[in-house]
Number of protein chains: 2
Amino acid sequence: MPLLTNMMEPLRLEPLFPERGTGEPLAAQLARRLRDAVENGTLAPGTKMLGSRQLALRLGIARNTVTLAFEQLVAEGYLTSRSGSGTFVTPSRFQRARRPTVTRSSQAERARFAALRGRFDAATGRGPLRPGMPSLASFPRAAWNRCARRALSAYAGDIGYGHASGLDSLRREIATHVRQFRGVSALPEQVIVVEGAQSAFHLASVVLARSGDSIAIEDPCYALARAAFELYGLQLQAVRVDRDGILPGELPAKARFAFVTPTHQFPLGGTLPLSRRLKLLAWAKRHEAYVIEDDYDSEFTSRVRPLPALQSLDRDERVIYVGSFSKTLAPGLRVGYLISPPHLASAFRVARASTSLGVSLHLQATLAQFIGGGHFARHIRRANAAYETRRTILARALDPLADSFETGPMQVGLHVALIARRRFKDRAASEISEGERLVPLSELSVARSDCRGFVLGFTNGSDDEIASAADRVCRRLRNLG
Amino acid sequence: MPLLTNMMEPLRLEPLFPERGTGEPLAAQLARRLRDAVENGTLAPGTKMLGSRQLALRLGIARNTVTLAFEQLVAEGYLTSRSGSGTFVTPSRFQRARRPTVTRSSQAERARFAALRGRFDAATGRGPLRPGMPSLASFPRAAWNRCARRALSAYAGDIGYGHASGLDSLRREIATHVRQFRGVSALPEQVIVVEGAQSAFHLASVVLARSGDSIAIEDPCYALARAAFELYGLQLQAVRVDRDGILPGELPAKARFAFVTPTHQFPLGGTLPLSRRLKLLAWAKRHEAYVIEDDYDSEFTSRVRPLPALQSLDRDERVIYVGSFSKTLAPGLRVGYLISPPHLASAFRVARASTSLGVSLHLQATLAQFIGGGHFARHIRRANAAYETRRTILARALDPLADSFETGPMQVGLHVALIARRRFKDRAASEISEGERLVPLSELSVARSDCRGFVLGFTNGSDDEIASAADRVCRRLRNLG
């Protein structure tokens with residue numbers, strides 16, 4: 001065992017000099033630097049360390065700092081202290097491996113996730129016609145910031161562990177909002193505050209299904225919901241959608257739940273008629289299945305109010321209702337809600353606490369004040385009026401494409417589908433210009449190959465931006481035809 | 001089909017009168033009230049409605065409002081319009097069921113969740129000695145609120161969809177923090193910002209395991225982590241813990257991952273020595289397993305810095321590191337982090353986006369400023385000094401129990417274990433007084449029955465409160481002995 005009597009000659013001292021003002025205590029810094037020296041081999045196993053007094057002098061630090069660092073490294077096993085003879089680098093040390101072992105099973109996992117990642121990218125639009133992005137310019141910043149400041153000073157007692165399912169005040173406001181706007185009947189106890197619809201899809205999967213179970217999903221459908229279900233290991237059963245929404249006659253006999261967007265089908269835009277709603281609920285009752293209702297943008301509507309939520313018709317507690325503030329306010333708030341049937345409310349609360357102890361209490365308090373103060377309803381009214389203008393602009397601008405594309409229903413929500421009348425390679429045509437990309441319907445299709453075209457939003461830009469983006473789309477798609 | 005010529009006589013008009021100033025448009029209100037009347041049978045199938053002009057007059061609202069409501073209900077199928085003869089309640093209507101059908105399978109699910117819920121409750125303490133609750137009174141509110149206000153005005157562009165894995169600025173600050181305080185080496189790309197450790201446990205399960213897989217867990221262990229794994233359907237393999245932490249020789253041959261608290265075992269308090277750390281890593285490498293390292297309160301330490309994180313020794317990318325701001329700042333912020341090995345970073349990012357699109361951007365921006373401005377390191381230093389006092393107070397106050405209880409190590413973190421030397425029914429003795437409850441070790445045990453006693457925190461109260469609570473514990477437990 002080579003016990004060098006002095007380590008300082010072979011080891012250049014510079015790497016040990018402490019940096020001041022970094023917030024890291026000097027003893028911790030020195031320990032870290034010595035540790036690195038042991039690990040990278042600069043300090044070989046068995047090396048005798050300089051005495052603490054001598055090292056302190058050379059580094060210009062207190063001796064006590066060196067002693068602390070040595071004690072630390074002795075505790076960690078990097079150094080060994082022999083009474084009377086000094087401190088040594090512990091003889092047998094592990095060496096830093098050149099490369100990590102990435103196993104074959106890890107590689108398989110990586111491939112699985114890479115496939116999912118591709119789906120996310122493919123389903124995202126860019127530019128003024130990006131679907132699913134509300135007008136951030138019209139976010140009611142002044143009112144929001146007032147509520148946020150008030151909540152900041154008020155939340156004295158509110159920095160402990162809150163209820164994982166949400167602040168009572170916010171759950172009450174959400175229950176009132178969905179009753180008034182969507183006809184949803186729910187007690188605050190049924191409301192679970194989550195980070196957005198994506199969390200709600202995942203949470204519902206956790207409560208309702210096990211990995212390997214089958215679920216029914218609209219075809220075409222919202223890609224991120226699909227990703228949530230696939231990641232959880234669910235088997236997708238595609239159910240076709242027409243101009244009015246899902247075809248309940250095609251629902252499979254065996255499925256834990258169906259995922260639907262009954263009031264504004266994503267992406268095709270249909271509003272499911274009452275008769276189909278009743279069939280869907282009867283299916284759920286008959287098969288002891290559930291229905292996840294994603295009601296993501298029904299607050300926005302042209303003239304007539306949309307149908308109330310499917311949940312309002314549910315007499316058998318089969319509907320899990322999902323809403324989000326990402327479309328009605330802004331995605332960056334990161335808050336949404338799930339409304340559980342009464343008999344599952346306790347299960348949802350437990351599952352929520354097991355997967356996340358909840359959303360920022362300050363955010364929740366701000367939002368509760370914002371809704372309670374009437375700002376939310378006011379914002380929806382204003383935004384709806386502005387969106388109505390853009391809806392009309394987009395509809396008109398797409399007229400020249402009528403020969404090749406059918407336009408989906410657009411009385412509700414923030415997007416419209418442009419469905420090709422003939423066979424068409426939508427993916428190839430989705431890049432409109434630098435920075436502008438439409439979402440092709442092929443990327444949102446599960447099993448079908450007959451539904452091609454695009455989903456266009458009309459809220460991610462001003463009136464003029466929407467108009468000129470729509471013109472570019474027309475030019476691009478007419479050139480193809 | 002009974003077509004009453006006038007519905008207004010049987011139906012009292014009061015339920016239809018609109019409420020003003022609720023934010024709900026009058027037409028929507030009227031539609032809702034008429035819908036209720038149909039559903040509860042007040043308006044029988046086939047009933048002929050009053051004309052819109054007459055109804056508007058009686059209710060004192062605009063005729064157009066009534067027309068809109070009628071149109072809505074016709075669209076929904078509640079009313080049927082016959083040209084020339086008027087508007088009728090649609091003849092065949094579904095009836096509100098008396099009771100929902102709660103199926104047998106739903107009942108089984110409910111039982112599963114009820115069991116989990118019981119575990120949560122049993123593992124929660126109350127009073128000044130509640131473990132896991134930092135001193136909220138010393139939360140640096142002024143500095144935090146300054147950062148929050150600045151972030152509010154700055155986050156103009158930041159209300160869109162952010163990166164689901166976190167703001168770049170915050171991920172950089174976290175990478176720096178864990179390097180300085182915990183010796184963790186990570187690029188910002190490996191950092192995933194989550195709502196807290198609970199979300200991290202769940203996310204790691206999603207990435208590393210499938211329902212039905214086995215995992216190794218410390219015995220006794222942190223109950224909420226256990227709940228996360230159980231909810232995900234994982235099979236627990238209990239591995240005993242001694243005064244120094246987990247016994248790596250007892251790790252099972254087959255497990256997808258091991259969950260450990262190497263720097264401050266929860267609940268017993270041990271710090272895993274280097275030799276065991278290396279064995280744990282060798283186990284993970286040999287079995288292609290991973291290690292989830294929960295490093296929840298190691299920033300707080302008495303005199304000597306604790307061992308660096310296990311992650312710092314990981315040469316084979318087997319460690320998933322989990323940290324939280326719930327102990328270092330406040331649980332109500334609801335933010336924590338997971339640090340993925342490089343080869344799994346992309347998988348974690350995709351899994352994160354599939355289960356949640358992320359944490360409030362305002363919160364993240366606030367926290368990034370708070371850390372970057374040096375407030376975080378300063379707060380930890382101050383809190384650490386205050387906690388050191390309380391640690392000493394508690395240790396002394398427990399002295400009289402030394403005959404019946406061994407005190408676990410308490411150099412690191414915010415709690416201490418009080419381990420019974422003889423057979424002892426800890427559950428029966430856990431209620432100390434009204435509002436004061438200790439967490440019994442039996443509730444944290446997985447398979448073993450030889451580890452009884454309590455976990456006591458010392459940060460959920462002032463020095464005096466800790467001292468007097470500890471006295472009450474002594475009196476209560478000595479009375480039992």
Side-chain angles (χ1 to χ4, degrees), chain A residues 23-24 28 71-72 76-77 96-97 100-103 105-106 109-110 113 116-117 136 139 145 148 152 158-162 180 195-196 198-199 202 210-211 227-228 231 233 274 285 288 304-305 307 315-317 330-332 334 343 347 350-351 354-361 363 374 377, chain B residues 23-24 28 71-72 76-77 96-97 100-103 105-106 109-110 113 116-117 136 139 145 148 152 158-162 180 183 195-196 198-199 202 210-211 227-228 231 233 274 285 288 304-305 307 315-317 330-332 334 343 347 350 354-361 363 374 377:
Chain A
E24 188 181 19
E71 276 178 29
Q72 168 76 29
E76 295 178 17
R96 185 182 284 268
T101 325
V102 174
T103 61
S105 71
S106 315
E109 289 295 291
R110 278 200 284 183
F113 286 101
L116 266 180
R117 191 207 177 95
L136 301 182
F139 179 71
N145 285 5
L152 262 188
D158 274 355
I159 53 174
Y161 284 99
Q180 291 187 343
E195 298 88 48
Q198 196 67 21
S199 307
H202 182 71
R210 306 285 179 103
S211 177
L231 179 82
L274 189 65
K285 182 177 182 180
E288 299 194 4
V304 170
R305 310 277 295 179
L307 275 174
R315 303 286 166 260
D316 299 292
E317 302 197 5
R334 304 291 344 117
H343 79 278
V350 173
S354 301
T355 54
S356 165
L357 294 180
V359 170
S360 156
L361 295 186
L363 169 62
Chain B
E24 188 182 18
E71 276 179 28
Q72 168 76 29
E76 296 178 17
R96 187 180 283 268
T101 325
V102 175
T103 62
S105 71
S106 314
E109 289 295 291
R110 278 200 284 183
F113 285 102
L116 265 181
R117 191 206 176 97
L136 300 184
F139 178 70
N145 284 5
L152 261 190
D158 274 355
I159 52 173
Y161 284 99
Q180 292 187 344
E195 298 89 48
Q198 196 68 22
S199 307
H202 182 71
R210 307 285 179 103
S211 178
L231 178 82
L274 189 64
K285 182 177 181 180
E288 300 194 3
V304 169
R305 309 277 295 182
L307 275 174
R315 304 285 166 260
D316 300 293
E317 302 197 3
R334 303 291 343 114
H343 80 278
V350 173
S354 301
T355 55
S356 164
L357 293 181
V359 170
S360 155
L361 296 187
L363 169 62

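Scope of the values below: all heavy atoms of this structure, side chains included, with no hydrogens, waters or symmetry mates. All chains are named by letter (A, B, ...) in the order of the sequence lines, taking the proteins before the strands, and each is independently numbered beginning at 1. Bear in mind that the values here come from a model prediction, so they are computed numbers and not experimental data.
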Largest heavy-atom contact set with chain A, pairs under 4.5 Å, which of B/Ala148, B/Ser360, B/Gly374, B/Gly183: B/Ser360
Does any heavy atom of chain A fall under 4.5 Å from the side chain of B/Arg210, the backbone, both, or neither of them? side chain
Looking only at atom types and distance, does a side-chain atom of B/Gln198 sit under 3.5 Å from a main-chain N or O of A/Ser354, one as donor and one as acceptor? yes
CG of B/Leu357 to CD of A/Glu195, rounded to nearest 0.5 Å, is 9.5 Å
Over all atoms of both residues, closest heavy-atom pair of A/Leu136 and B/Ile159: CD2-O, 3.7 Å
Using non-hydrogen atoms only, which part of A/Leu363 is less than 4.5 Å away from chain B: side chain, backbone, both, or neither? side chain
Determine, stepwise, if the pair B/His202 / A/His202 fulfils side-chain contact (heavy atoms from CB on, under 4.5 Å). CA-CA 11 Å; B/His202 182 71; A/His202 182 71; 2.6 Å; yes
Taking every heavy-atom pair that is under 4.5 Å apart, which of A/Ser211, A/Ser356, A/Pro331 has the most such pairs with chain B? A/Pro331
